[in-house]
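Reading through the structure tokens given below for one structure.
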Amino acid sequence: MAVGLDWYEATCHAFAAMGLGGFSTHDASVGYFDSPAVEAVLIVFMLVAGMNFTTHFLAFRQRSLRCYLGDVEAKAFLALVIGSCLVAAVYIWLAEVYPSFWTALRHVSFNLVSIATDCGFASTDYNQWPIVVPLWMLFLSCVAVSSGSTGGGIKMMRTLVTFRQALREMSKQIHPAMVQSVRLGPHVIENRVVFAIQSFVLLYLTTIVGLTFLLLASGLDPVSALTAIIATINNAGPGLNVVGPASNYQSLTDFQTWVCAFSMLAGR
């Protein structure tokens with residue numbers, strides 16, 4: 001409300017941001033307000049919602065920010081999202097989508113954080129940007145948010161374990177006799193947990209591939225099919241092309257709608 005929204009709009013957007021649900025009170029979503037201040041407030045709270053609420057609770061109880069510094073997952077989440085905002089903004093600016101870097105940074109930051117946290121707010125039609133940026137945003141929606149957050153996808157904890165397990169296996173190819181544990185911070189991750197996470201990730205990717213091919217077989221174009229499944233299985237909302245931020249899922253056939261509905265249930 002301090003940045004210009006009335007009590008009704010502020011309440012609706014507060015619930016939509018903290019629940020990472022992404023529904024706005026306007027068809028143009030947050031782009032309706034055309035306000036950098038509104039977008040900045042929502043960015044902060046989408047990032048808060050994308051982190052582990054156990055960490056927030058500990059920080060509140062201890063009245064200290066040290067909990068965040070000790071949270072490997074939160075640091076990786078923030079570093080990946082903020083770093084992606086900066087790189088993508090430079091790319092969009094160099095592609096001359098916007099006349100200034102600061103305008104590019106504003107729009108990229110809001111929409112990238114929104115999709116990376118699986119919220120789904122939009123302030124502009126990023127479907128018109130060079131496709132590498134919105135595809136990267138949707139990739140982040142698969143891996144970025146923390147466990148114990150309100151977001152979907154694989155979660156950053158599983159992403160880190162999977163990445164470090166891959167590094168361990170590559171090292172063992174070079175040094176077969178090496179004994180090395182998978183660690184997150186000071187904690188050693190047991191092999192049974194590592195293998196369980198690998199199984200989860202494989203099932204997740206297999207589901208995306210299978211449902212994407214169902215949409216392709218039903219006549220949907222490849223970009224719309226893939227991004228619709230990624231957006232729905234992560235509960236992020238908008239995809240690209242016919243399901244992009246400037247449109248919705250209304251143009252899909254009944255069969256395609258049922259596939260996306262199943263994808264949302266599977267993602268949960």
Side-chain angles (χ1 to χ4, degrees), residues 3-5 13 16-17 20-47 49-50 77-145 151 153 212 220-232 234-252:
V3 292
L5 272 63
H13 286 82
L20 297 178
F23 281 106
S24 176
T25 52
H26 301 277
D27 288 343
S29 191
V30 177
Y32 171 86
F33 304 109
D34 191 23
S35 168
V38 171
E39 294 165 16
V41 170
L42 288 172
I43 285 173
V44 170
F45 284 96
M46 286 189 292
L47 290 174
F77 162 65
L78 291 174
L80 180 60
V81 172
I82 294 173
S84 295
C85 287
L86 294 173
V87 173
V90 170
Y91 184 88
I92 290 294
W93 175 52
L94 293 177
E96 299 182 347
V97 176
Y98 295 106
S100 73
F101 170 74
W102 299 111
T103 304
L105 182 62
R106 169 197 167 185
H107 291 295
V108 167
S109 295
F110 180 80
N111 291 281
L112 188 145
V113 170
S114 176
I115 298 303
T117 57
D118 302 305
C119 187
F121 285 134
S123 64
T124 188
D125 184 10
Y126 53 79
N127 195 45
Q128 303 301 316
W129 296 352
I131 194 169
V132 64
V133 174
L135 282 179
W136 179 253
M137 290 160 53
L138 286 166
F139 167 74
L140 292 178
S141 77
C142 299
V143 302
V145 295
T212 298
L220 200 60
D221 69 273
V223 172
S224 297
L226 175 61
T227 59
I229 295 303
I230 291 177
T232 51
N234 296 330
N235 299 111
L240 297 175
N241 281 9
V242 300
V243 294
S247 55
N248 52 46
Y249 290 74
Q250 187 177 13
S251 63
L252 301 186

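Just so it is clear, the structure is predicted and the values come from calculations on it, not from any experiment. The figures that follow rest on heavy atoms only: side chains count, while hydrogens, waters and symmetry mates do not.
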Worksheet item: Roughly how far apart are Leu135 CG and Leu140 CG, rounded to 0.5 Å?
Response: 11.0 Å

Item to complete: Identify the two heavy atoms, one from Pro245 and one from Gly239, that lie closest to each other, and give their separation to 0.1 Å.
Response: CD-O, 3.7 Å

Practice prompt. May I ask you to test the Glu39-Phe121 pair for a side-chain heavy-atom distance under 4.5 Å?
Written response: no

Practice prompt. For residues Cys85 and Leu112, report the shortest heavy-atom separation together with the two atoms involved.
Written response: SG-CD2, 3.7 Å

Discussion item. Can you confirm whether Val113 sits close enough to Ile82 that some side-chain heavy atom of one is under 4.5 Å from a side-chain heavy atom of the other?
Written reply: no

Fill in: Nearest non-hydrogen partners of Ala17 and Ala49, listed with the distance
O-CB, 3.7 Å

Worksheet entry | Euclidean distance, Asp118 CG relative to Asn234 CG, rounded to 0.5 Å | 5.0 Å

Discussion item. Under a 3.5 Å distance rule, please check whether Thr227 uses its side chain to pair with a backbone N or O of Leu240 as donor and acceptor.
Written reply: yes

Discussion item. Which heavy atom of Ala144 sits nearest to which heavy atom of Val81, and what is that distance?
Written reply: CB-CG2, 4.3 Å

Worksheet entry | For the student: nearest non-hydrogen atoms of Leu5 and His13, plus distance | CD2-ND1, 4.1 Å

Discussion item. Do Val133 and Trp136 make a side-chain contact, defined as non-hydrogen atoms from C-beta onward lying under 4.5 Å apart?
Written reply: no

Worksheet item: Heavy-atom distance under 4.5 Å between the side chains of Tyr126 and Val108, does that happen here?
Response: no

Fill in: side-chain contact (heavy atoms from CB on, under 4.5 Å) between Thr124 and Phe110, worked out
CA-CA 9 Å; Thr124 188; Phe110 180 80; over 6 Å; no

Discussion item. Between Ser224 and Val242 (side chain of the first, backbone of the second, donor and acceptor by atom type, cut-off under 3.5 Å), is there such a pair?
Written reply: yes

Worksheet item: Should we count OH of Tyr249 as having more than 12 external heavy atoms under 6.0 Å?
Response: yes

Worksheet item: To the nearest 0.5 Å, how far apart are OG in Ser29 and CZ in Phe23?
Response: 10.0 Å

Worksheet item: Okay, side chain of Ser114, backbone of Asn111: is any donor-acceptor separation there less than 3.5 Å?
Response: no

Practice prompt. To the nearest 0.5 angstrom, please state how far the CG atom of Leu47 sits from the CZ atom of Phe45.
Written response: 11.0 Å

Worksheet entry | OG-CD1 distance between Ser84 and Ile115, expressed to the nearest 0.5 angstrom | 13.5 Å

Worksheet entry | Minimum-distance pair of heavy atoms, taken over all atoms of Ala104 and Ile92 | CB-CG2, 4.1 Å

Discussion item. Below 30° counts as parallel, above 60° as perpendicular, anything between as tilted: where do the rings of Tyr98 and His107 land?
Written reply: parallel

Worksheet item: Hey, are the side chains of Asn127 and Pro134 touching, using non-hydrogen atoms and a 4.5 Å cut-off?
Response: no

Discussion item. Surrounding CZ of Phe101 (heavy atoms of other residues, nucleotides or ligands, distance under 6.0 Å), is the total greater than 12?
Written reply: yes

Worksheet item: Given side chains that start at C-beta, do those of Phe77 and Thr117 come closer than 4.5 Å, heavy atoms only?
Response: yes

Worksheet item: Measuring from Leu80:CG to Phe139:CZ, what's the distance to the nearest 0.5 Å?
Response: 7.5 Å

